[in-house]
J.: 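Encoded as structure tokens, here's the structure I'll be asking about.
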Protein chains: 2
Amino acid sequence: MKTIGKLAKELGINIETVRFYERKGLIVQPLKPDSGYRIYDNTHVNQLKFILKAKALGFTLDEIASLMSLSGSCADVESMGLQKLRLIRKKIADLQRLEQVIQDMTNSCKANQDPNSCPIINSLS
Amino acid sequence: MKTIGKLAKELGINIETVRFYERKGLIVQPLKPDSGYRIYDNTHVNQLKFILKAKALGFTLDEIASLMSLSGSCADVESMGLQKLRLIRKKIADLQRLEQVIQDMTNSCKANQDPNSCPIINSLS
DNA sequence: TTAAACTCCGTACATAGGTACGGAGTCAAC
DNA sequence: GTTGACTCCGTACCTATGTACGGAGTTTAA
């Protein structure tokens, strides 16, 4: 049983972030009506850890909300995982193309003997 | 000589985007004072093409502004290219780690025989 | 000549994921 | 029992990159 400040500190996140996730519907608001203070237990801690782990995997908050509501259906969860996998692979492919282009450009710079021109600028112009 | 609408159409961007780049200092505002309408020539077209190409390479608008102001110094431009290259490579490495993690997860789903549990949800919980 | 199309400007809105503020109420420690 | 720390809530603000709106002025084409 802990208040929001303890909870946030334990998870290494901001108090405002907890309230933000609450507004987003990712977690439910617990209330001890006497004081009006939110009182959390380990269930809430685990929920938030779930959210933080999923976030680290690149899921958006909306996707995390889906993941949590889907948690009974392994096939649906797997499908979200596969979709995320496709997105990640596309991003990797895009970045690898960029990597190649920019690497070629910087190599041209290294080989450049003319102090009055820059191959990168030239190829962009 | 063309007005902003023709320019934007030629480049496949929005009129508002041209004005936005102007506000950001990426391009200078040309004015024919009689009407108050902006009048552009091919110099402006080429400047904007430069911006669009650099953007496609993943440079931010601030970085593009630097690129344009640095265009005399090949070493400085090369340095920005190398910095961008490092960032791209870091992103690729991060994404590849994610790819591995999520792929392992979805593989576990495929192998899963228990209809009442999901390996992905379990590993997040 | 008049109607349609174009442009002006400043401002608000959008996304995603938060962060900051401020006045009021509550709790805990000394 | 008071002072300092904590929490409440709603709202505004932040980044980055634009997009949308709306009233007023301008240009163009029939």
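Reminder, nothing fancy here: chain letters follow the sequence lines and each chain counts from 1.
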J.: Tell me which of Lys24(A) and Arg19(A) sits closer to the 5' end of DNA chain C, going by the nucleotide each one is nearest to.
T.: Lys24(A)

J.: If you assign each of Ile4(B) and Arg23(B) to its closest nucleotide in DNA chain C, which residue comes earlier from the 5' end?
T.: Ile4(B)

J.: Establish, from distance only, whether the side-chain atoms of Thr17(B) and Asn14(B) form a donor-acceptor pair under 3.5 Å.
T.: no

J.: Quick one: hydrophobic cluster around Tyr37(B), which other residues, with the 4.5 Å side-chain cut-off, linked directly or via members?
T.: none

J.: Who passes salt bridge (Lys or Arg N to Asp or Glu O under 4.0 Å) against Lys55(B), sequence neighbours left out?
T.: none

J.: Answer yes or no for Lys6(A) and Tyr40(A): cation-pi contact, defined as NZ/CZ to six-membered ring centre under 6.0 Å and angle to ring axis within 45°.
T.: no

J.: Give the table of side-chain donor-acceptor pairs shorter than 3.5 Å for residues 117-125 of chain B, with sequence neighbours excluded, one pair per line with atom names and distance.
T.:
| residue | atom | partner | partner atom | Å |
| --- | --- | --- | --- | --- |
| Asn122(B) | ND2 | Cys118(B) | O | 3.4 |
| Ser123(B) | OG | Pro119(B) | O | 3.2 |
| Ser123(B) | OG | Ile120(B) | O | 3.0 |
| Ser125(B) | OG | Ile121(B) | O | 2.9 |

J.: Does anything in residues 86-94 of chain B reach DNA chain D, meaning a heavy atom under 4.0 Å, and if so which residues?
T.: none

J.: Who passes side chain to side chain donor-acceptor pair (under 3.5 Å) against Glu78(A), sequence neighbours left out?
T.: Lys110(B)

J.: List in numerical order all residues of residues 41-56 of chain B for which some heavy atom is under 4.0 Å away from an atom belonging to DNA chain C.
T.: none

J.: Tell me, please, the opening and closing nucleotides of DNA chain C, 5' to 3', among those with an atom under 4.0 angstrom from a non-hydrogen atom of chain A.
T.: dG17(C) to dC27(C)

J.: What are the atom names and distances for every N/O pair under 3.5 Å that joins the protein to nucleotides 1-5 of chain D?
T.:
none

J.: Among all residues two or more places apart in sequence or in another chain, which pass the salt bridge (Lys or Arg N to Asp or Glu O under 4.0 Å) test with Lys90(B)?
T.: Asp94(B)

J.: With sequence neighbours left out, write down each residue that passes salt bridge (Lys or Arg N to Asp or Glu O under 4.0 Å) with Lys49(A), or none if nothing qualifies.
T.: none

J.: Using a 4.0 Å cut-off on heavy atoms, which residues in residues 5-18 of chain B reach DNA chain C? List them by number, or say none.
T.: Gly5(B), Ile15(B)

J.: side-chain hydrogen bond (donor to acceptor under 3.5 Å, both in side chains): which pairs involve residues 20-29 of chain A, sequence neighbours left out?
T.: Glu22(A)-Gln29(A), Glu22(A)-Arg38(A)

J.: Nearest whole angstrom, please: distance from the P of dG25(D) to the CZ of Arg38(B).
T.: 18 Å

